[in-house]
> 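Encoded as structure tokens, here's the structure I'll be asking about.
Both ligands and their constituent atoms are indexed starting at 1 by order of listing. Any value given below was found using the heavy atoms of this structure, including those in side chains, with hydrogens, waters and symmetry copies removed.
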Amino acid sequence: MLVYKFGGTSVGSVINMNHVKNIINTNGKKIVVLSAMSGTTNALVEISGLIEAKETKQAEKQINQLHKTYNKTIYDLIQDQSLIQEVSGYVNSIFKSVLGCVNQPHTTLLHNTIVANGELLSTFMFSRLLQQEGLKAALLPALDFMRIDRTNEPDNFYIKQNLERLINNTDEADIYITQGFICLDAEGQITNLQRGGSDYTATIIGAAIEAEEVQIWTDIDGFHNNDPRYVNDTQALSHLSYDEAAELAYFGAKILHPQTVMPVRTLDIPLRLKNTMSPNAHGTLITNQIHGEGIKAIAAKDGITAIKIKSVRMLLAHGFLKKVFEVFEKYETSIDMITTSEIAVSLTIDDITHLEALTEELEKFATVEVDDYMSIVCLVGNHIIYHPDTPQLFQVLQDVNVRMIAYGGSNNNISLLVNTSDRLETLQKLQRYVFEGEAVGV
Ligand code: ADP
Ligand code: ASP
Ligand code: MG
């Protein structure tokens, strides 16, 4: 079986939903994971924020506005009268339930319940479009099989068992449609896989059914060698290895949720990125094969906080690093980059939930400096650290205030820490030098 995932833009309009229908209307059984229509999850997050701020009137206004746009979409998408009735009934019930949240105490569960509706809406509407067109499609409710455990990892055993049972108990279909992003937690409460999590849903399902391939269909023709949101003339890469893709996704390449690669890498299931709007473009194939050498791609991750921890003694005493790591372990905060000198350790984190407590504990045995609004720029490529062009990077970036460098942690990655205000210039300079062949010093 194949697993397909279509993102927000791919299901974001009636025209695009019809493109999706054509793409999946091929022989062979498949599971199709859908995101919410583009803009919907953001709108629901905003509504949840208004409820939290007790801005009841504004929350109701925005719920009604969103409801109206969905009502219009139904009529553009579906022509069959009885299906229109059915879809309208479903959409009305969803918006009634969201309106019912307005006067309730705002909790994480309430928030998660509200934001889950985007995927519930898109999958219901799309399944009825397929029915109207005579395709044999069935809905598999993600909340009946997708679950994470106490450590927020997918509960693979539970997922596999329940997904298989659900497929066996559902009417025979060629196309099984399910919601991306949403799942249950270990207590059985509704939660999600974090923003952009539908990609991760697709690979978790791919691993559970040992799919032949997982295809992520989006609004661009594959994984590009630099971030197209910040840099012009980026190019799609035809191949990436699991490690390269995982590293780039973790370090900010928005095309993939950071965890997406993990489930398929273990089972060696190919992961293919394709463009819904241009299905004939090659896209990117991600496997365990390594292609090419030198710097292959660059990504940037914002929202980084740097922490400099100085030993109060003159030298880093034996056992100092252990004490530092124990503090981060206690607060379950992972470290992205790390460098040490004789008297200090500098490291970066992206989760600042426990920053205050971390700092307090570290200050018991060290002096601590915290800098926020930082970005990590990550360069990835096979044996990049040995490539003859690599040393010149430092010349290219001589005018950029590089705050930290991780070089040699792996052979295939170099990470640079810069102020977020310098991120754009750093990416653009690297683009010109690395991919457009501009000479250093120009
Ligand atoms: P979807 O809604 O389909 O999940 P996303 O917006 O999450 O789509 O991801 C696709 C977007 O990721 C692209 O439109 C592009 O702007 C952005 N992006 C960032 N870095 C990259 C990259 N290296 N390659 C391709 N796209 C990237
Ligand atoms: N709809 C969710 C989001 O906007 C999940 C996804 O699109 O992957 O984050
Ligand atoms: Mg996405």
> Would the distance check show the side chain of Lys274 and the main-chain N or O of Trp217 forming a donor-acceptor pair, the cut-off being under 3.5 Å?
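Judged by distance alone, no pair lies under 3.5 Å.
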
> Report yes if some N/O of Phe223 lies less than 3.5 Å from some N/O of ligand 1; otherwise report no.
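N/O-N/O distance under 3.5 Å: no.
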
> If you measure from the Lys or Arg side-chain nitrogens to the Asp or Glu carboxylate oxygens, is any gap between Glu187 and Arg150 under 4.0 Å?
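Yes, charged N to carboxylate O under 4.0 Å.
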
> So is Ser10 polar-close to ligand 1, meaning N/O to N/O under 3.5 Å?
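In this structure, Ser10 places no N or O atom under 3.5 Å from an N or O of ligand 1.
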
> Which part of Arg229 is near ligand 1, with near meaning a heavy atom under 4.0 Å away: side chain, backbone, both or neither?
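Looking at Arg229 and ligand 1, just side chain atoms fall under 4.0 Å.
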
> For the pair Lys254 and Asp227, find out whether any cationic side-chain nitrogen is under 4.0 Å from an anionic carboxylate oxygen.
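No, Lys254 and Asp227 are not salt-bridged.
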
> May I ask whether Ser38 has any heavy atom positioned less than 4.0 angstrom from an atom of ligand 1?
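In this structure, Ser38 fails to qualify as a contact of ligand 1 - no heavy atom is under 4.0 Å.
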
> Just to be sure I understand the cut-off, which residues have at least one non-hydrogen atom under 4.0 angstrom from an atom of ligand 2?
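Around ligand 2, where the cutoff is 4.0 Å for heavy atoms, the contacting residues are Ser35, Ala36, Thr41, Glu119, Phe181, Arg195, Gly196, Gly197, Ser198.
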
> Consider only side-chain N and O atoms of Asn168 and Arg165, and report whether a donor and an acceptor are under 3.5 Å apart.
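No, Arg165 and Asn168 have no side-chain donor paired with an acceptor closer than 3.5 Å.
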
> Do Leu393 and Leu379 touch side chain to side chain, with heavy atoms closer than 4.5 Å?
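With C-beta onward as the side chain, the pair touches.
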
> Check residues 232-241 and write down every donor-acceptor pair under 3.5 Å in which the side-chain atom is one partner and the other belongs to a residue at least two apart or another chain.
residue: Thr234; atom: OG1; partner: His224; partner atom: ND1; Å: 2.7
residue: Ser241; atom: OG; partner: Glu244; partner atom: N; Å: 3.1
residue: Ser241; atom: OG; partner: Glu244; partner atom: OE1; Å: 3.4

> In terms of residue, atom name and distance, what is the protein heavy atom nearest to atom 12 (O) of ligand 1?
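Checking every protein heavy atom, the shortest distance to atom 12 (O) of ligand 1 gives Ile255 N, 3.5 Å.
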
> State whether Lys29 and Glu172 are salt-bridged, where the test is any N-O pair (Lys NZ or Arg NE/NH1/NH2 against Asp/Glu carboxylate O) under 4.0 Å.
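Salt bridge flag = yes for Glu172 with Lys29.
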
> With heavy atoms under 4.0 Å as the rule, classify the contact between His257 and ligand 1 as side chain, backbone, both or neither.
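Contact part for His257 vs ligand 1: neither.
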
> Does the residue Pro228 have a heavy-atom contact with ligand 1, meaning some pair of atoms that are separated by less than 4.0 Å?
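Heavy atoms of Pro228 do come under 4.0 Å of ligand 1.
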
> Is there a heavy atom in Leu248 that sits closer than 4.0 Å to ligand 1?
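Contact absent.
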
> For atom 6 (O) of ligand 1, what is the closest protein heavy atom, and at what distance to 0.1 Å?
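For atom 6 (O) of ligand 1, the nearest protein heavy atom comes out as Lys254 NZ, 2.7 Å.
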
